[in-house]
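Notes follow once the structure below has been shown.
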Amino acid sequence: MREDNDRNSSLPGLAHAEDLIPVAGGGLLHRRVFLRRGAALAAGVASGAALAAADSASPADGTLTTPPWMRKPGLPFSNYGRPSEHEQVVRWISANPAVPGNGISWTPLHELEGTITPSGLHFERHHNGVPQIDPADHRLLIHGMVKQPLKYTVKDLARYPMRSDLIFIECGGNSNAGWREEPAPQPAGFIHGLASCSEWTGVPLSILLEEAGIDPAATWMIAEGADAIAHVMSLPVEKAMNDCILALYQNGEKIRPENGYPLRLVAPGWEGVLNVKWLRRLELTDRPVMSRNETSRYTELLPSGKARQFTFWIDAKSVIMAPTHGMTMPGTGYYEVSGLAWSGRGRVTRVEVSADGGKSWADAALQEPVLPRCFTRFRMGWHWDGAPAILKSRATDETGYVQPERDALLAERGRNGYFHYNAIVAWEVSADGRVTHVYA
Ligand SMILES: Nc1nc2c(c(=O)[nH]1)N[C@H]1C(S)=C(S)[C@@H](COP(=O)(O)O)O[C@H]1N2
Ligand SMILES: [Mo]
């Protein structure tokens, strides 16, 4: 988050810049501020210190000192790059020590920018650990209700036509702390970071299914992974033929072992559990397999006594990533409120932000490109005057679906929920600048 250096500063030029007139309660500014350079400068957004101020990197005469790293050649080349040693951005692991290999690690979404998740920070959800697969000994079998069963090596698959899609994957259990009575005292990524966004490249599944020849009576496809639990999930054939990818690459390089090396099913817009990692078998059938993860898990018992099952789709969600729980605002003045929005059903068409707990809303700027089933970055100018505020964001997708308030979601789904929580998230900013997760 960018901020004003100067405590209690007003925004110079505000009176002359129409773009900086507040557009909603609590000091939200017009989104055009981000689309016009001139307006941002007029607002005095730049926070560079005055030239006369001396600090460890520059004397008072307006010159710069020569730092040690300019006095000798730098390090040699490296075969594989790593983040700077000054950056310690890591996944947060919450694994069950009683069940080896079962657990999760969270993407620190609040510490990242843009929309692409670095591969080494993609969230992880394993039911039985990461299998150490030698690609030479890995096969994909397509069988069941097909004209001819087919078996592929990884090298065979690499010869087929490929496509790339920027796609988020989100666990159906993401954000499930929202079902608890008390708001989880965690920053955004450690409540909502079982969602990550990558460029996935691989073979469109329809090509291979056509090659095998699907029996018209087959309505389901059962996908199995090569991990010790042999994770299995059922998908309708229609989805398999429509847009599923057999991914070999993630962000330009071979998929990381923890995300499914050497081969994973990507089911765009559908919940994470269907994106079977370490894929080894696709069986065409006329009924779902009724595995644990599509019966006792990733389903929810509704107040009516019926359970939601095979819900598949990820509904629209948005979360403000900056500021987030645990931060302290360094002072009043100008801030950029920024976050991520996504929907499994297509493009995000609108994200509104509120600084007064939802009494008034203003449209945030959506950063281009806005792609279907991909993270969308939103940004909103905010002048914080030091009064207590409650920040919220609300996403709408191209189907017209609007992200619900928490009360509305609880009223619809009841209190047995554990999965598929997508309600509006609220961060309270108190007068001393502390930011806290609240239900409001
Ligand atoms: N073979 C296999 N595939 C799997 C799983 C698994 O444990 N084994 N976990 C599923 C779940 S519940 C999710 S949310 C996603 C997580 O994908 P990621 O670890 O690449 O983020 O993978 C899915 N595919
Ligand atoms: Mo999941």
Side-chain angles (χ1 to χ4, degrees), residues 91-96 99-109 112 116-133 138 140-141 167-177 189 192-200 202 221-235 244-251 253-283 289 291-300 310-314 317 342 344 375 418-422:
R91 294 190 280 227
W92 182 50
I93 301 169
S94 37
N96 178 353
V99 189
N102 188 3
I104 50 184
S105 71
W106 305 77
T107 297
L109 292 173
L112 302 177
I116 301 300
T117 310
S119 300
L121 294 175
H122 195 287
F123 83 94
E124 300 166 279
R125 170 74 182 107
H126 319 307
H127 291 79
N128 214 175
V130 180
Q132 299 303 290
I133 296 177
H138 187 78
L140 172 68
L141 174 66
I167 296 286
F168 73 79
I169 292 178
E170 180 179 20
C171 178
N174 194 25
S175 313
N176 67 17
H192 309 285
L194 299 185
S196 304
C197 189
S198 300
E199 186 195 61
W200 297 101
M221 178 188 78
I222 298 164
E224 182 187 78
D227 45 349
I229 201 175
H231 180 83
V232 278
M233 291 300 294
S234 320
L235 293 92
C244 285
I245 303 173
L246 296 181
L248 298 160
Y249 294 85
Q250 171 185 11
N251 295 330
E253 62 183 354
K254 296 281 171 64
I255 296 180
R256 294 287 170 99
E258 53 269 41
N259 302 118
Y261 180 84
L263 183 63
R264 120 172 266 172
L265 181 65
V266 173
W270 283 19
E271 61 181 348
V273 68
L274 295 157
N275 292 252
V276 176
K277 301 189 280 188
W278 316 299
L279 185 70
R280 69 174 216 135
R281 201 168 63 83
L282 294 171
E283 182 182 349
V289 67
S291 68
R292 169 186 181 272
N293 280 324
E294 56 201 37
T295 50
S296 78
R297 301 293 191 284
Y298 297 100
T299 55
E300 48 255 316
F310 299 118
T311 44
F312 302 135
W313 296 93
I314 293 288
K317 183 185 278 187
W342 61 94
F375 278 179
Y418 183 76
F419 298 100
H420 308 119
Y421 184 94
N422 71 323

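Computed from a prediction, not measured in an experiment: that's the story for all the values here. One-based numbering, in listed order, for ligands and for the atoms of each. Numbers here simply count residues along the sequence, with the first being 1.
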Show the atoms of ligand 1 that are less than 4.0 angstrom away from any heavy atom in [X].
| X | answer |
| --- | --- |
| Asn259 | 18 (P), 19 (O), 20 (O), 21 (O) |
| Gly225 | 1 (N) |
| Glu258 | 19 (O) |

Residue and atom name of the nearest protein heavy atom (relative to [atom]), distance in Å to one decimal:
| atom | answer |
| --- | --- |
| atom 10 (C) of ligand 1 | Val273 CA, 3.8 Å |
| atom 21 (O) of ligand 1 | Phe123 O, 2.6 Å |
| atom 12 (S) of ligand 1 | Tyr298 OH, 2.9 Å |
| atom 14 (S) of ligand 1 | Cys171 CB, 3.3 Å |
| atom 24 (N) of ligand 1 | Asn275 O, 3.1 Å |
| atom 3 (N) of ligand 1 | Lys277 N, 3.0 Å |
| atom 15 (C) of ligand 1 | Gly272 O, 3.5 Å |

- Query: Would a line drawn from the ring center of Trp342 to the ring center of Phe375 be shorter than 6.0 Å?
  - Reply: yes
- Worked check of ring pair (Phe, Tyr, Trp, His ring centres under 6.0 Å) between Phe312 and Trp270: CA-CA 5 Å; Phe312 302 135; Trp270 283 19; 4.2 Å; yes
- Touching ligand 1 at all, Asp227? Heavy atoms, strictly under 4.0 Å? yes
- Neighbour count above 12 (heavy atom, 6.0 Å) for Phe310 CZ: yes
- Check: of Arg280, Met233, His126, Arg264, min heavy-atom distance to atom 22 (O) of ligand 1 comes from Arg264
- Just going by heavy-atom distances, which of His127, Arg125, His231 is nearest to atom 4 (C) of ligand 1? His231
- Message: At under 4.0 Å between heavy atoms, is it the side chain or the backbone of His122 that contacts ligand 1, or both, or neither?
- Response: side chain
Answer with yes or no whether the side chains of [Y] and [X] bring together a donor and an acceptor at under 3.5 Å.
| X | Y | answer |
| --- | --- | --- |
| His192 | Lys317 | no |
| Asn102 | Arg125 | yes |
| His122 | Glu258 | no |

- Task: Report the C-alpha separation of Glu199 and Asn251 in whole Å, then their side-chain angles, then the decisive distance to 0.1 Å, and conclude whether the side chain to side chain donor-acceptor pair (under 3.5 Å) test is met.
- Result: CA-CA 5 Å; Glu199 186 195 61; Asn251 295 330; over 6 Å; no
- Is the closest basic N to carboxylate O distance between Arg256 and Glu253 below 4.0 Å? yes
- Query: Any side-chain heavy atom of Glu283 within less than 4.5 Å of one from Val232?
  - Reply: no
- Applying the side chain to side chain donor-acceptor pair (under 3.5 Å) test to Lys277, which of Glu124, His231, His126 qualifies? His126
- Query: With only distance considered, is Trp278 within less than 3.5 Å of ligand 1 through an N or O on each side?
  - Reply: no
